[in-house]
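Here is the structure we will look at.
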Amino acid sequence: MEHMKNSFKNLTSRPDFNDRFNDLKNQVLNHPEIKAFITNHASEIEDGMVERSLGKLFEFMNQSKNCEQCPTLSECKNLLEGYHPRLVIQGRIIDLQYDKCPTKEAHDERKKHESLIKSMYIPKDILAAQFDQIDVEMDEASRFKAISLAQDFVEQYNNGKRPKGIYLYGSFGVGKTYILGAIANELAAHKISSMLVYVPEFMRELKGSFQNSSLDEKLDVVKKIPVLMLDDIGAESMSSWMRDDILGTILQFRMLENLPTFFSSNFNLKQLQHHLAFSQRGEEEPVKAARIMERIKHMAIPIELIGRNRRG
Ligand code: ADP
Ligand code: MG
């Protein structure tokens, strides 16, 4: 804007003002979009309107439209990053209206999408997983089944139901976490927020500082997030305190509030029960483990994911 004003100011003080002015006016009037606008609005354009609007038209000419001159948002060359002009008739002049450009629209949409997926200690590539890009081999019936169950979940949730989550189990590297990531993305596309938590790291952090207030906050988010995904449950070494007071409390809350919860594990339900029954000190607490398992079974449908290790 400054730049343009200056060029007009310089212009008026120079002796060849008239020539330069007519030259600019010709440039403006020959600009294809301006020309088309004037033709299309011929009946509304009064005498002198174009001359009064030359400054605005000049500005229009010099701004990028539809991102044609801006490769990315941060390289946007316009006056206001992410906004492009449109010609409008405003009283006695042709004025400009600035709207969000397509790149900015897409950027804001993506930000909104990302803000719907919260995660703790989950790799970035997993958070980009999409149902329609999951590579499924012909003989992988279990992957088909898991994906179709996951898609049913999103559809039902979107229709206001609160279906059960999934307990996805299977060996290392078969793509359990990847499917959870795809569910989170599909939910976000329907404006449903979810959270993926890598359980071993979460527990490690809790152990270090159970009176840290930021962890209380984290715990609160985990309890209340509309859809929770507990990734790799069973891979942690869990103390009785973590099992009963952390995991037990989270699951109890979510079960009572009817908040869907997903799990992934290398263990099937029976193996997980065994894992939870033995505390780090080697004491056996089968009743407490059974209580947790009751909640998990109540909240999620178990599915085994079978396939090759896709890591490395
Ligand atoms: P798991 O959680 O079962 O141990 P992951 O979900 O972490 O396995 O998957 C292991 C690796 O393989 C990850 O890097 C993931 O991005 C990739 N991956 C998993 N499933 C697929 C798939 N169906 N198509 C393509 N890549 C996949
Ligand atoms: Mg995993």
Side-chain angles (χ1 to χ4, degrees), residues 110 113-114 116-155 164-189 194-207 218 221-222 225 227-238 242-243 246-247 250-251 254 260-276 292-293 296 299-312:
R110 200 163 50 243
H113 183 97
E114 281 168 7
L116 288 166
I117 306 176
K118 298 185 176 51
S119 72
M120 283 192 216
Y121 328 109
I122 299 284
K124 268 261 179 290
D125 68 319
I126 291 285
L127 298 178
Q130 306 265 345
F131 278 142
D132 58 5
Q133 285 163 20
I134 296 182
D135 157 36
V136 186
E137 283 157 27
M138 285 314 286
D139 56 349
E140 293 186 313
S142 74
R143 199 180 307 273
F144 275 116
K145 196 172 153 205
I147 294 169
S148 98
L149 204 64
Q151 283 172 323
D152 286 350
F153 173 89
V154 178
E155 196 183 315
K164 282 191 178 198
I166 298 172
Y167 182 91
L168 200 56
Y169 65 98
S171 51
F172 180 79
V174 285
K176 302 180 294 295
T177 307
Y178 194 76
I179 287 182
L180 295 184
I183 298 173
N185 267 307
E186 190 66 16
L187 288 169
S194 64
M195 179 167 210
L196 250 158
V197 178
Y198 181 60
V199 174
E201 194 57 43
F202 182 56
M203 293 294 178
R204 244 193 305 280
E205 232 198 280
L206 281 178
K207 189 161 61 180
K218 279 188 185 171
V221 180
V222 170
I225 193 89
V227 178
L228 175 67
M229 302 175 182
L230 292 174
D231 187 38
D232 237 345
I233 188 168
E236 72 295 318
S237 57
M238 209 185 286
M242 284 184 229
R243 178 193 58 206
I246 302 296
L247 187 59
I250 293 170
L251 297 183
R254 298 190 63 83
T261 309
F262 288 74
F263 304 84
S264 88
S265 183
N266 280 7
F267 291 148
N268 64 27
L269 289 170
K270 202 169 160 207
Q271 291 166 325
L272 183 67
Q273 177 148 6
H274 181 81
H275 172 79
L276 292 175
I292 301 279
M293 294 312 297
I296 294 177
M299 297 170 95
I301 303 165
I303 292 194
E304 183 176 14
L305 193 62
I306 301 164
R308 64 183 167 83
N309 182 352
R310 288 180 188 258
R311 283 186 212 201

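Counting starts at 1 for both ligands and their atoms, following the listed order. Values below: all heavy atoms of this structure, side chains included; hydrogens, waters and symmetry mates excluded.
Taking every non-hydrogen atom of Ile134 and a distance limit under 4.0 Å, the qualifying atoms of ligand 1 come out as 23 (N).
The protein heavy-atom contact nearest to atom 7 (O) of ligand 1 is Arg311 NH2, 3.3 Å. For atom 15 (C) of ligand 1, the closest heavy atom belonging to the protein is Tyr178 CD1, 3.6 Å. Looking at atom 27 (C) of ligand 1, its nearest protein heavy atom turns out to be Arg310 CD, 3.7 Å. Protein heavy atom nearest atom 5 (P) of ligand 1, with residue, atom name and distance: Gly175 CA, 3.7 Å. Atom 2 (O) of ligand 1 has Thr177 OG1, 2.7 Å as its closest protein atom, hydrogens excluded (heavy atom only). The protein atom (non-hydrogen) at minimum distance from atom 23 (N) of ligand 1 is Asp135 O, 2.9 Å. Atom 14 (O) of ligand 1 has Asp125 OD2, 3.7 Å as its closest protein atom, hydrogens excluded (heavy atom only).
In this structure, a donor-acceptor pair under 3.5 Å is present between the side chains of Tyr121 and Glu205.
Among the atoms of Val174, some N or O lies under 3.5 angstrom from an N or O of ligand 1. Annotation: Gln133 places no N or O atom under 3.5 Å from an N or O atom of ligand 1; distance criterion only.
In this structure, Asp232 contributes its side chain and Tyr198 its backbone to no donor-acceptor pair below 3.5 Å. Checking side-chain atoms of Lys176 against main-chain N and O of Gly170 turns up a donor-acceptor pair under 3.5 Å. Remark: side-chain polar atoms of Arg143 are not paired, donor with acceptor, to backbone N or O of Glu137 under 3.5 angstrom.
Of all heavy-atom pairs spanning Ala146 and Ile179, the tightest one is CB-CD1, 4.1 Å. Considering all non-hydrogen atoms of both residues, Asp231 and Pro200 come closest at O-CD, 3.9 Å. Residue Tyr167 comes nearest to Ala300 through the heavy atom pair N-CB, 3.6 Å, listed as atom of the first residue, atom of the second, then distance. Met203 approaches Met238 most closely through the heavy-atom pair CE-CE, 4.1 Å.
Residue Gly173 places a heavy atom under 4.0 Å from ligand 1.
Here Ser264 fails the criterion, with no N, O or S atom under 2.8 Å of the Mg ion (ligand 2).
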